[in-house]
Amino acid sequence: IFILFKVFKPAPSFIYTMKYYLVGLFFNQTLPTAVGGDAVKGYYLGKKVKDVASGLLITFIDRLIGLLTMIFYLTLAIIFGGLSMLDKTYHPYFFILIAVFIIITVLIFSETFTKYIYGKTLKKVEKKISVIEKIRDAYKFFLNSRDKKRYFTAAVISILAQFSIIISVYFIGRGLGIVTVPFLHYFIIMPIIFVVSMLPVSIGGFGIREGAFIYLLKGYGVDSEISLSLSLLFIILMIVTSIPGGVFYLLGNKGEVNG
């Protein structure tokens with residue numbers, strides 16, 4: 001996200017951005033859905049650059065790039081035979097889901113399409129509604145500041161970050177004695193779990209994430225208790241990683257975190 005926020009002049013420092021990245025990670029564990037912290041992160045980074053609406057929009061783009069990374073891994077896993085883990089009944093729905101997400105992503109990043117939407121809708125909004133005006137101005141900022149090199153760099157970083165998470169889950173699973181799940185299949189299992197965890201039905205994705213682990217690993221003959229242990233150890237890892245974010249946020253209540 002530091003790469004994406006470099007579009008602002010002046011941009012938040014690397015240290016400041018990392019502090020609020022961790023704050024966002026902390027709130028991902030404590031707010032509805034597993035990405036609730038994005039709003040907190042986007043708000044404070046937007047406040048730093050004196051444009052909260054644009055900050056939230058750039059944070060959304062960062063999340064979208066992360067989702068696109070998951071689709072990248074899903075696609076690779078399918079190409080190399082990972083689709084065999086899914087019941088054939090679900091194959092059409094699986095491909096439709098990927099296609100819809102790719103189409104939406106292409107449309108969002110398409111310069112022609114986005115400028116058309118802006119010209120037909122937001123550009124015509126009168127300045128009487130301040131919230132909509134801010135959304136319009138933020139979207140205009142997005143249109144005028146897109147940089148393919150910057151997005152590509154952010155995508156590469158996202159690919160590496162997601163890979164490290166999937167690898168971590170794989171080794172935790174091996175440590176629990178899960179040997180029936182092929183390494184390749186984790187690149188389908190984890191993106192599905194990431195997406196499911198984003199549903200706004202629980203705090204931090206708790207419960208729904210554990211259910212997804214149990215359901216997906218059941219087909220490999222993994223006991224529910226082991227699947228639950230894998231999910232809990234994974235979330236403990238995420239919580240431990242996010243603890244500094246909670247500390248930074250508490251310190252920030254006594255005076256905004258400086259970067």
Side-chain angles (χ1 to χ4, degrees), residues 1-70 72-73 105 108-109 114 134-135 137-168 194 197-198 204-205 234-235 237-259:
I1 194 166
F2 170 69
I3 298 296
L4 296 179
F5 266 85
K6 289 178 71 174
V7 68
F8 294 97
K9 304 297 180 184
S13 68
F14 177 77
I15 293 177
Y16 187 93
T17 305
M18 285 306 299
K19 283 181 178 179
Y20 278 104
Y21 170 80
L22 291 172
V23 168
L25 191 61
F26 173 76
F27 277 102
N28 281 345
Q29 319 307 324
T30 57
L31 291 176
T33 85
V35 293
D38 285 6
V40 177
K41 174 175 59 181
Y43 170 79
Y44 281 104
L45 289 174
K47 190 175 179 181
K48 181 68 174 180
V49 298
K50 297 179 174 57
D51 190 343
V52 173
S54 294
L56 289 169
L57 181 59
I58 296 299
T59 302
F60 168 76
I61 296 300
D62 178 60
R63 175 59 62 182
L64 187 62
I65 290 174
L67 288 172
L68 188 59
T69 298
M70 295 178 198
F72 171 76
Y73 279 130
T105 302
I108 289 176
F109 287 104
T114 49
K134 290 179 180 178
I135 295 174
D137 292 342
Y139 196 69
K140 184 177 180 180
F141 173 80
F142 165 67
L143 292 179
N144 296 330
S145 62
R146 285 182 295 185
D147 184 326
K148 293 180 180 179
K149 183 178 179 180
R150 182 180 293 112
Y151 288 143
F152 177 78
T153 302
V156 170
I157 293 173
S158 179
I159 288 172
L160 295 175
Q162 299 292 350
F163 182 80
S164 67
I165 293 174
I166 295 173
I167 287 292
S168 297
F194 286 144
S197 299
M198 294 179 188
F234 167 61
I235 196 58
L237 175 63
M238 299 303 294
I239 290 174
V240 170
T241 304
S242 70
I243 285 176
V247 175
F248 292 141
Y249 181 76
L250 291 175
L251 292 176
N253 284 339
K254 299 178 182 180
E256 187 180 16
V257 177
N258 295 315

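Under a cutoff of 6.0 Å and an axis angle of 45°, Lys48 and Tyr16 form a cation-pi pair.
Here the straight-line distance linking atom CG of Asp38 with atom OH of Tyr21 works out to 9.5 Å at 0.5 Å rounding. Taken from CD1 in Ile3 to OG1 in Thr17, the straight-line distance is 9.5 Å, to the nearest 0.5 Å. To the nearest 0.5 Å, the span separating CZ on Arg63 from CG on Leu68 amounts to 13.0 Å. Met238 contributes atom CE, which lies 6.0 Å from atom OG1 of Thr241 (distance to the nearest 0.5 angstrom). The structure places CZ of Phe152 at 11.0 Å from CD1 of Ile157, a figure rounded to the nearest 0.5 Å. A distance of 9.5 Å separates CG of Leu25 from CE of Met18, quoted to the nearest 0.5 Å.
At a threshold of 4.5 Å between non-hydrogen side-chain atoms, the residues Ile65 and Leu4 count as touching. Between Ile159 and Phe72 there is a side-chain heavy-atom pair separated by less than 4.5 Å. A 4.5 Å side-chain heavy-atom check between Leu56 and Leu45 finds every atom pair outside the cut-off. Two residues are said to be in side-chain contact when any heavy atoms from C-beta on lie closer than 4.5 Å; Ser168 and Leu237 meet this criterion. Using a 4.5 Å heavy-atom threshold, the side chains of Tyr44 and Tyr249 count as touching. Looking at Ile61 and Tyr151, their side chains come closer than 4.5 Å, going by heavy atoms from C-beta outward. Between Gln162 and Phe194, the closest side-chain pair of non-hydrogen atoms falls below 4.5 Å. In this structure, the side chains of Val247 and Phe26 stay at 4.5 Å or more apart for every pair of heavy atoms.
Between the Ser54 side chain and the Asp51 main chain, no donor and acceptor come within less than 3.5 Å of each other. With hydrogens and angles ignored, the 3.5 Å screen pairs no side-chain donor or acceptor of Ser242 with any backbone N or O of Gly245. For the pair Asn28 (side chain) and Gly37 (backbone), a donor-acceptor distance under 3.5 Å is present.
Among all heavy-atom pairs drawn from Val240 and Pro244, the shortest one is O-CD, 3.7 Å. Nearest heavy-atom pair across Ile165 and Phe234 is CG2-CE1, 3.7 Å. For the pair Phe5 and Pro12, the tightest heavy-atom approach, listed with the atom from each and the gap, is O-CD, 3.9 Å.
Listed by chain and residue number, Tyr73, Tyr186, Phe187, Met190 satisfy the side-chain contact (heavy atoms from CB on, under 4.5 Å) test with Ile166 (two or more places apart in sequence, or in another chain). Contacts of Ser158 classified as side chain to side chain donor-acceptor pair (under 3.5 Å), with partners at least two apart in sequence or in another chain: Thr69.
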Discussion item. Using the rule given for side chain to side chain contact (heavy atoms under 4.5 Å, CB included), can you reason through Leu22 versus Lys41, listing the C-alpha separation, both sets of side-chain angles and the distance that settles it, and then say yes or no?
Written reply: CA-CA 8 Å; Leu22 291 172; Lys41 174 175 59 181; over 6 Å; no
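In the displayed structure, Phe2 atom CZ is contacted under 6.0 Å by more than 12 heavy atoms of other residues, nucleotides or ligands.
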